[in-house]
Amino acid sequence: MNTAGELQIYNSLSGQKERFTPIHANRVGLYVCGPTLYSEPHMGNMRTFINFDMVYRYLLKLGYEVKYVRNITDAGHITNSAGEAVDSIGKAARLEQVQSLEIVYKYNVKFQELQRIYNMLPPSIEPTATGHIQEQIEIIEQILKNGFAYVVNGSVYFDVKAYSQQYNYGILSGRKIDELEEETRELNAQEEKRFFADFALWKKANADDMQIWRSPWGDGNPGWHIECTAMSTKYLGQTFDIHGGGMDLKFPHHEDEIAQSCGAMGCNPANVWMHANMLNVNGQKMSKSLGNFFLPKEIVEGSTSVFTKSYTPNVLRFFMMQAHYRSTLDFTQTALDAAEKGFTRLSDALQLLDKVPTAGQSSFYVNDLIASFYSAMNDDFNAPILVANLFEAVKRLNLINDGKDNITADDLALLKTEMHSFTYDVLGILPTGVQNNDSKLAPVMDLVLELRQLSRENKDWTTSDKIRDQLTAAGIVVKDGKDGVTWSAQ
RNA sequence: GACAAGAUGGCCGAAGGGUGAAGGCAUCGGAUUGCAAAUCCGGUUUUUAUGAGUUCGAAUCUCAUUCUUGUCUCCA
């Protein structure tokens with residue numbers, strides 16, 4: 001493990017950066033709220049998962065043994081603001097005339113494919129809500145036993161008022177229930193609840209529910225928040241290190257998770273709460289209702305209505321890594337084009353690591369450069385600074401290649417190891433530019449470039465330029481360097 | 001309305017009391033090149049939303065104002 005500083009993480013619970021100390025030395029428990037699989041995740045959903053993939057990757061890089069749990073919500077959410085029963089998974093299923101688990105399966109297959117496309121490391125486990133009904137029931141029973149919940153007509157509600165006698169409901173979101181009460185009273189005319197802020201732990205089944213389970217309170221289904229409490233407790237323990245999720249889950253979802261854990265087990269579930277910010281399109285949160293969303297696959301295929309061209313998963317990941325996870329990020333074509341060019345510059349320089357000449361002495365401090373990679377990430381996973389520092393290394397490599405800077409073989413080996421590690425292992429970029437080794441294309445390119453070289457020697461610029469232009473049009477970029485011609489395919 | 005987070009160059013975005021406000025993209029000049037591309041060197045653009053205040057010193061802290069976004073029981 002590197003000792004260039006200590007990892008600091010911004011904790012939403014305290015509102016400040018804190019030195020990260022795992023509960024068990026060298027081991028980290030990480031829980032992230034995963035997707036609700038009633039439709040295909042859009043790019044905004046992916047940003048959160050990619051950000052936490054980066055967090056996971058850096059924790060691994062630091063040498064931690066990380067247990068990364070990301071749930072899959074495959075049980076319907078229960079109610080909406082009007083108190084009307086809404087089972088979003090069941091609803092989508094009815095529309096498409098299939099069973100609810102069939103639709104969950106369908107979108108889970110797509111989600112797993114997206115994880116591969118965007119080079120996300122698989123979590124240690126992806127538990128499902130439907131697979132943990134018993135655990136959820138047991139926690140609800142515990143909350144009831146402790147007096148922080150009540151049963152009404154086959155449903156169970158969390159008793160926020162009783163809870164507030166002992167605990168601080170609103171500790172995460174900063175909300176104060178007594179202030180909220182008057183304004184929201186009219187909107188929440190749910191007769192079953194004793195108090196407007198109470199939330200369902202178990203909801204009695206409706207006749208048309210597609211998912212129904214048996215429970216001590218009758219047939220029904222679990223409330224939205226209880227699954228995370230059940231699964232994080234089962235796989236990580238009553239209190240674990242880091243709980244992550246999108247900013248929009250802070251309230252009520254995460255607030256209620258805290259209440260459930262305290263209510264059942266008397267302790268906060270997580271020491272550190274991390275929230276990833278939203279992805280915006282033209283200044284607005286990407287969402288289905290606004291119609292400004294696009295699918296992660298569409299943008300790779302170039303079939304969105306928003307952009308006129310496609311971008312590779314690498315470019316998209318790189319683009320996202322140029323913004324801090326706690327900042328909103330605006331997706332625009334000009335920004336993506338800029339990222340694409342910057343990414344090309346970075347990946348070209350990574351190729352140089354194998355080609356650059358070495359010297360007896362280095363003309364700059366390689367160790368300082370490498371230390372800057374660590375200190376960037378140690379500062380609350382500041383990937384944009386890491387990228388900036390990687391570009392410092394890019395500049396050095398280009399200078400070395402031009403004979404204006406020097407590096408020893410040892411330093412180069414070190415730089416290569418760390419640049420590869422931070423680019424590929426931490427940022428999650430997939431290595432590119434290996435097409436030069438393409439067994440079928442390479443001999444053809446050798447021939448074509450030889451012919452071009454002949455015309456160049458004969459000063460037949462028309463022919464040589466035609467070859468170059470045609471290759472460019474075919475997506476193959478030819479570079480005339482000092483020591484010969486190189487090419488790369490996109 | 002309540003709560004929360006913001007407002008930084010032509011664009012995307014860092015930094016968050018200490019001289020010259022990262023980095024990428026763009027743009028301009030030079031080097032290199034048959035010409036380009038790539039690369040290198042150098043330059044350009046921000047009175048850090050506005051107005052006050054605290055301080056020896058503020059983009060950074062405080063207050064006010066304007067605006068933006070998010071959440072308020074569907075949400076990554």
Side-chain angles (χ1 to χ4, degrees), chain A residues 12 15 32-36 38 41-52 76-81 83 86 88 91 170 173-176 179-180 182-184 187-188 190 196-200 223-225 244-253 255-256 275-280 283-289 318-319 322-324 326-332 334-346 348-349 352 376 379 382-392 394-395 398-399 401-404 456 459 461 464-465 468-469 472 477-482 486:
Chain A
S12 299
V32 173
C33 292
T36 301
Y38 57 80
H42 59 61
M43 206 61 214
N45 303 112
M46 292 305 283
R47 185 187 178 205
T48 298
F49 302 136
I50 287 173
N51 272 136
F52 282 105
H77 290 177
I78 306 307
T79 56
N80 67 10
S81 58
V86 170
S88 51
K91 201 177 178 185
S173 59
R175 278 163 216 274
K176 303 204 169 26
E179 286 177 11
L180 271 175
E182 290 186 20
E183 287 116 29
T184 338
L187 291 171
N188 290 276
Q190 262 201 309
F196 81 97
D198 293 350
F199 55 92
W224 171 36
H225 315 297
M247 200 75 98
D248 49 355
L249 294 183
K250 207 168 178 181
F251 187 88
H253 184 58
E255 192 69 62
D256 290 349
H275 289 99
N277 218 322
M278 301 290 104
L279 183 63
N280 292 343
Q284 278 188 309
K285 173 184 167 182
M286 177 179 283
S287 77
K288 299 210 166 170
S289 52
F318 176 76
F319 173 65
Q322 278 188 299
H324 193 262
R326 277 191 291 118
S327 301
T328 55
L329 175 62
D330 218 24
F331 247 57
T332 61
T334 49
L336 283 168
D337 285 343
E340 188 172 47
K341 290 185 178 168
F343 177 70
T344 303
R345 202 162 108 87
L346 174 64
D348 283 354
L352 282 181
D379 183 14
N382 200 325
I385 294 293
L386 169 61
V387 171
N389 294 340
L390 284 171
F391 274 107
E392 186 64 32
V394 167
K395 191 172 180 175
N398 285 327
L399 281 167
N401 198 40
D402 271 16
K404 292 170 183 165
R456 291 181 76 198
K459 298 199 192 301
W461 310 127
S464 71
D465 287 355
R468 185 176 65 198
D469 293 347
T472 305
V477 180
V478 177
K479 291 179 190 171
D480 297 322
K482 276 181 188 167
T486 58

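Below, chains carry the letters A, B, ... as their sequence lines are ordered, and counting in each starts from 1.
- Atom CG of Asn401(A) and atom P of U32(B) are 18 Å apart (whole Å).
- Backbone-only engagement by Gly34(A) is indicated by non-hydrogen atom pairs under 4.0 Å involving sugar-phosphate atoms exclusively.
- Within 4.0 Å (heavy atoms only), Ala197(A) reaches at least one base atom of the nucleic acid.
- When Lys250(A), Arg326(A), His275(A) are each tested for a side chain to side chain donor-acceptor pair (under 3.5 Å) with Ser12(A), only one passes: His275(A).
- No N or O donor and acceptor, one from the side chain of Arg175(A) and one from the base of A4(B), sit under 3.5 Å apart.
- A15(B) and U60(B): their C1' atoms are spaced 9 Å apart (whole Å).
- For Arg345(A) against C25(B), a side-chain-to-base donor-acceptor contact under 3.5 Å is absent.
- Summarising the geometry, atom CG belonging to Asp379(A) is positioned 7.0 Å from atom NE2 belonging to His324(A); distances are rounded to the nearest 0.5 Å.
- Contact annotation: the side chain of Thr328(A) never approaches that of Met247(A) to less than 4.5 Å [non-hydrogen atoms, C-beta and beyond].
- The pairing partner recorded for G6(B) is C67(B), the criterion being a Watson-Crick or G-U wobble arrangement whose two distances lie under 3.5 angstrom.
- Across all strands, Gly245(A) comes closer than 4.0 Å only to sugar-phosphate atoms, never to a base (heavy-atom distances).
- Atoms CG (Asp469(A)) and P (C35(B)) sit 16 Å apart, rounded to a whole Å.
- In this model, no side-chain donor or acceptor of Asn280(A) finds a partner on the base of G70(B) within 3.5 Å.
- Aromatic ring pairs are classed by plane angle as parallel below 30°, tilted from 30° to 60° and perpendicular above 60°; the pair Phe199(A) and His225(A) is perpendicular.
- Only the P atoms considered, U54(B) is 37 Å distant from G70(B), to the nearest whole Å.
- Electrostatic pairing of Arg468(A) and Asp465(A) counts as a salt bridge here, judged by a charged N lying under 4.0 Å from a carboxylate O.
- Between Lys341(A) and A26(B) there is a side-chain polar atom (N or O) within less than 4.0 angstrom of OP1 or OP2.
- Looking at which nucleotide of RNA chain B each of Phe318(A) and Asp256(A) is closest to, the 5′-most match is held by Phe318(A).
- Spacing between atom NE2 of His275(A) and atom C1' of G6(B) amounts to 17 Å, rounded to whole angstrom units.
- Side-chain contact check for Met286(A) versus His42(A): some heavy-atom pair is nearer than 4.5 Å.
- Stacking of the aromatic ring of Phe391(A) onto the base of G24(B) is not found under the criterion of centres within 5.5 Å and planes under 30°.
- Note: Phe331(A) and Phe319(A) have perpendicular aromatic rings, judged against thresholds of 30 and 60 degrees for the angle between ring planes.
- Look at Asn398(A) and you'll find a side-chain N or O under 4.0 angstrom from OP1 or OP2 of C40(B).
- Following rounding to the nearest Å, Leu249(A) (CG) and A76(B) (P) show an atom-to-atom distance of 6 Å.
- Atoms CG (Leu346(A)) and P (U39(B)) sit 12 Å apart, rounded to a whole Å.
- Side-chain atoms of Asp480(A) lie closest to A37(B) of the nucleotides C41(B), A37(B), U71(B).
- Rounded to an integer number of Å, the gap from NZ of Lys404(A) to P of C41(B) is 7 Å.
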*Begin from the C-alpha positions of Arg47(A) and Asn277(A) and carry the test side chain to side chain contact (heavy atoms under 4.5 Å, CB included) through to its verdict.*
CA-CA 9 Å; Arg47(A) 185 187 178 205; Asn277(A) 218 322; 4.2 Å; yes
*Can you check each nucleotide of nucleotides 7-19 of chain B against protein heavy atoms at under 4.0 Å and return B for base, S for sugar-phosphate only, - for none, in 5' to 3' order?*
----SSSSS----
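- The interatomic distance linking Asp248(A) (CG) with A5(B) (C1') rounds to 13 Å, in whole Å.
- Using a 4.0 Å heavy-atom distance criterion, Met286(A) is classed as a base contact.
- Atom CG of Asn398(A) is separated from atom CG of Leu352(A) by 5.5 Å, given to the nearest 0.5 angstrom.
- Under the Watson-Crick or G-U wobble criterion, with both distances below 3.5 Å, G29(B) is paired with C41(B).
- In this entry the distance linking CG of Leu386(A) with P of A22(B) reads 18 Å, nearest Å.
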